[in-house]
Amino acid sequence: MLLQAYLFPSKRQKRKRCKVKEKLAAKGDDEMAIGVALTVLVVGLMFASGLSRGKTAKRKYIVWGTTTILIIAPFFSWVVSVLYAISQEEGFAGVALMMLLFPIFFLIGLVTLLTGVFKKESVNKSI
């Protein structure tokens, strides 16, 4: 009887089994993806901090502007929007939030980068 129920499950049993598998699979994938994104974000911030330590203000602006554009904007906006989408159980809300956050952080990084590129080095001419 059990073998027959396992080999030839009813529609209700199929739906129940599929829902459980989907929930377990979705939960594990989300946690893994968020963990990878946060790891890339933290490693990138540590790398940028190391590159800018003890350097001139111009170099710091360039490093942090590039880091903001390439690392902070995509990964931070993705993590925040995915967490929001999961909490609200609405994927479109997450996509909309990402569409707002990414350009904001990108523009902040672009302004920081351009500030560093066009910043004049202060030359101290005390003779």
Side-chain angles (χ1 to χ4, degrees):
M1 189 63 145
L2 286 175
L3 183 61
Q4 182 183 7
Y6 184 74
L7 293 176
F8 306 107
S10 66
K11 288 183 182 180
R12 183 177 177 188
Q13 289 171 334
K14 284 182 185 178
R15 277 185 266 137
K16 186 176 180 182
R17 195 178 307 156
C18 287
K19 286 181 182 179
V20 171
K21 285 181 181 178
E22 288 173 3
K23 285 182 181 179
L24 290 175
K27 186 176 182 182
D29 291 342
D30 291 340
E31 290 173 357
M32 180 71 169
I34 291 170
V36 169
L38 287 176
T39 303
V40 170
L41 186 62
V42 169
V43 168
L45 291 174
M46 288 173 25
F47 184 70
S49 176
L51 281 178
S52 65
R53 186 166 295 157
K55 304 296 182 188
T56 63
K58 180 176 179 152
R59 172 85 181 257
K60 286 182 183 182
Y61 279 123
I62 292 171
V63 167
W64 282 105
T66 307
T67 303
T68 304
I69 290 172
L70 296 178
I71 295 172
I72 295 173
F75 290 104
F76 183 73
S77 64
W78 185 83
V79 167
V80 169
S81 62
V82 165
L83 289 174
Y84 182 74
I86 290 171
S87 71
Q88 296 298 314
E89 296 180 355
E90 182 62 43
F92 288 110
V95 172
L97 185 61
M98 192 184 316
M99 289 174 59
L100 291 173
L101 287 178
F102 182 78
I104 290 170
F105 284 118
F106 188 85
L107 289 175
I108 290 170
L110 188 64
V111 168
T112 307
L113 178 66
L114 292 176
T115 302
V117 169
F118 294 113
K119 185 174 179 66
K120 301 274 183 174
E121 289 289 334
S122 61
V123 179
N124 192 2
K125 293 184 178 182
S126 59
I127 297 178

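The residues of the chain are indexed from 1 along the displayed sequence.
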When you group the ILVMFWY residues by side-chain heavy-atom contacts below 4.5 Å and let the links chain together, are L45 and L70 in the same group? yes
Tell me whether F105 is reachable from L100 by hopping between hydrophobic residues (I, L, V, M, F, W, Y) whose side-chain heavy atoms are closer than 4.5 Å. no
Between side-chain atoms of residues 71-87 and protein atoms elsewhere (two or more places apart, or another chain), which donor-acceptor pairs fall under 3.5 Å?
residue : atom : partner : partner atom : Å
S77     : OG   : A73     : O            : 2.5
S77     : OG   : P74     : O            : 3.2
S81     : OG   : S77     : O            : 2.9
S81     : OG   : W78     : O            : 3.0
S87     : OG   : L83     : O            : 3.4
S87     : OG   : Y84     : O            : 2.9

Looking at CE of M99 and CD1 of I104, how far apart are the two atoms once the value is rounded to the nearest 0.5 Å? 12.0 Å
Taking the side chain as every heavy atom from C-beta outward, state whether T68 and T112 have any atom pair closer than 4.5 Å. no
Cluster link V117 to F106, ILVMFWY, side chain under 4.5 Å: yes
Show me the pairs that pass side-chain hydrogen bond (donor to acceptor under 3.5 Å, both in side chains) and involve residues 35-64, at least two apart or across chains. S49-R53, S52-W64
Side-chain heavy atoms under 4.5 angstrom apart, residues restricted to Ile, Leu, Val, Met, Phe, Trp, Tyr: same cluster for F118 and I62? yes
Membership question, hydrophobic clusters at under 4.5 Å side-chain separation (ILVMFWY): are M98 and I34 in the same one? yes
